[in-house]
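Numbers restart at 1 for each chain; the letters A, B, ... are given by sequence-line order, proteins then strands.
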2 protein chains.
Amino acid sequence: MSSYNPDTRSRILKAALKLLEASQGKGVRMTDIAKRAGITRQALYLHFGTRAELLIATTHYLDDLKGADERLVASRMAQTGIERLDAFIEAWGGYIPEIHGIAKALLAMMDTDEAAAQAWGERMQDMREGCEAAIVALNRDDMLSPDYSPEQATDILWTMLSVRNWEQLTIECGWPQARYIETLKSLARRVLVADRTPD
Amino acid sequence: MSSYNPDTRSRILKAALKLLEASQGKGVRMTDIAKRAGITRQALYLHFGTRAELLIATTHYLDDLKGADERLVASRMAQTGIERLDAFIEAWGGYIPEIHGIAKALLAMMDTDEAAAQAWGERMQDMREGCEAAIVALNRDDMLSPDYSPEQATDILWTMLSVRNWEQLTIECGWPQARYIETLKSLARRVLVADRTPD
DNA sequence: CTGTCAATTGACACCGTGTCAAGTGGCTGC
DNA sequence: GCAGCCACTTGACACGGTGTCAATTGACAG
């Protein structure tokens with residue numbers, strides 16, 4: 001279902017990636033990808049059954065390329081809960097711009113395409129686990145705000161770190177990436193970390 | 001361009017609204033709306049030039065119906081900055097579920113349709129003004145966190161209150177509406193209001 | 001020399017939006 | 001009572017994008 005000439009296959013993935021990055025995920029058609037990969041549109045379907053399948057494969061390709069797992073796993077090395085929270089925000093927040101194009105394309109298909117919705121959902125679930133791990137670490141250190149249960153805190157962190165929010169702050173509000181990261185770290189602390197006022 | 005039989009026109013708007021609400025904005029075609037309004041698809045185009053135009057008209061119809069302006073303006077009556085922040089979050093946060101269906105449909109068109117993008121952008125700009133007013137009031141009371149400029153604070157509040165975030169928390173995380181409102185109020189305070197620890 | 005197989009060419013179906021031309025039926029004014 | 005207007009209908013079609021199919025080409029392998 002996906003193992004013809006491996007050379008062509010990765011040429012397709014590269015083409016898809018480039019186009020999606022360049023156009024921020026908007027208006028990239030099968031024809032365009034084929035053209036850029038130097039094959040015909042129909043040949044695309046010899047490698048990927050549907051547009052959604054190709055897009056999903058592209059995200060995995062990107063993950064490998066950028067070492068997504070390594071980055072996120074690294075954030076688990078941090079000692080204290082707070083360090084871990086910071087490290088996770090840096091890792092994920094720094095990864096968003098890299099996946100933004102493809103993420104947007106997938107996001108746009110979600111409403112109409114079941115497979116796309118599921119694939120994106122899975123990725124978001126993975127990301128959520130990172131949030132949860134940070135919250136658990138915070139809680140272990142007795143530093144989680146008493147206002148929220150670990151689950152609620154996870155929901156909040158997960159929502160704060162959504163791709164849409166990154167889009168809104170950096171693209172719509174014009175924040176530089178560095179400010180995005182710094183502000184999100186500060187926001188997360190204010191919201192999730194217990195006040196240590198009396199000490 | 002939009003003034004034939006006013007009866008039919010509002011029947012169309014009602015139909016569009018019902019369908020968009022019922023289906024959360026997903027998969028509502030011109031045919032469906034026409035059918036529900038009791039006319040043909042082609043007749044729709046006698047009243048609204050394009051799907052985007054119809055959707056936009058539907059949002060205005062909804063605003064009138066629900067008294068959107070009144071609600072949001074009411075939040076400006078509050079005395080202190082903090083009251084105003086709370087009032088605004090309650091007003092807007094309470095309005096989101098009502099517009100969610102149509103908002104999602106419009107949101108989905110944004111990538112492909114210039115007019116839809118612009119219309120949604122304008123609405124979000126209006127909403128942003130509400131955020132800004134609350135921030136300014138907070139600042140006037142000397143209660144705005146020194147960590148953020150009024151503009152940055154507005155960006156943050158505006159992003160926190162996005163429809164997408166509401167969707168994620170209520171629909172994906174399963175939060176009841178009341179919890180959404182309460183949590184967002186508490187979040188906004190923690191983030192935007194200056195610490196009054198020493199007194 | 002034959003078979004295999006990736007890829008090509010060209011055609012077509014499906015869907016949803018938007019357009020057009022000709023027809024229908026009701027109400028209005030003279 | 002009929003002429004004309006006008007909202008709406010019917011039916012057809014174009015367009016763009018995805019997905020499918022059949023027949024063909026050309027390379028390489030045994």
Given B:Trp120 and B:Met109, is the side-chain contact (heavy atoms from CB on, under 4.5 Å) satisfied, shown in steps? CA-CA 10 Å; B:Trp120 181 255; B:Met109 295 194 69; over 6 Å; no
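Rounding to whole angstrom units, CZ of residue A:Arg51 and P of D:dG19 are separated by 8 Å. The CG atom of A:Leu46 sits 8 Å away from the P atom of C:dT8 (whole-angstrom rounding). If you take CD1 of A:Ile39 and C1' of D:dA27, they are 17 Å apart, rounded to a whole angstrom. Rounded to whole Å, atom C1' of C:dG18 lies 13 Å from atom CG of B:Leu54. Going from atom CG of A:Leu44 over to atom C1' of C:dT9 covers 16 Å, rounded to whole Å. To the nearest angstrom, P of D:dC6 lies 18 Å from CG of B:Asp7.
Taking side-chain N and O atoms only, A:His47 has no distance below 4.0 Å to OP1 or OP2 of C:dA6. Residue B:Thr40 places no side-chain N or O under 4.0 Å from the OP1 or OP2 atom of D:dC8.
Note that the CH2 atom of B:Trp158 and the CD atom of A:Glu172 stand 4.5 Å from one another [nearest 0.5 Å].
With C:dT8, C:dC20, C:dT17 as the candidates, the nucleotide lying closest to the side chain of B:Met30 is C:dT17. When distances run from any side-chain atom of A:Arg41 to the nucleotides D:dA7, C:dA7, D:dG19, the shortest one goes to D:dG19.
Smallest separation of non-hydrogen atoms from B:Phe48 and B:Glu53: CA-OE2, 3.8 Å.
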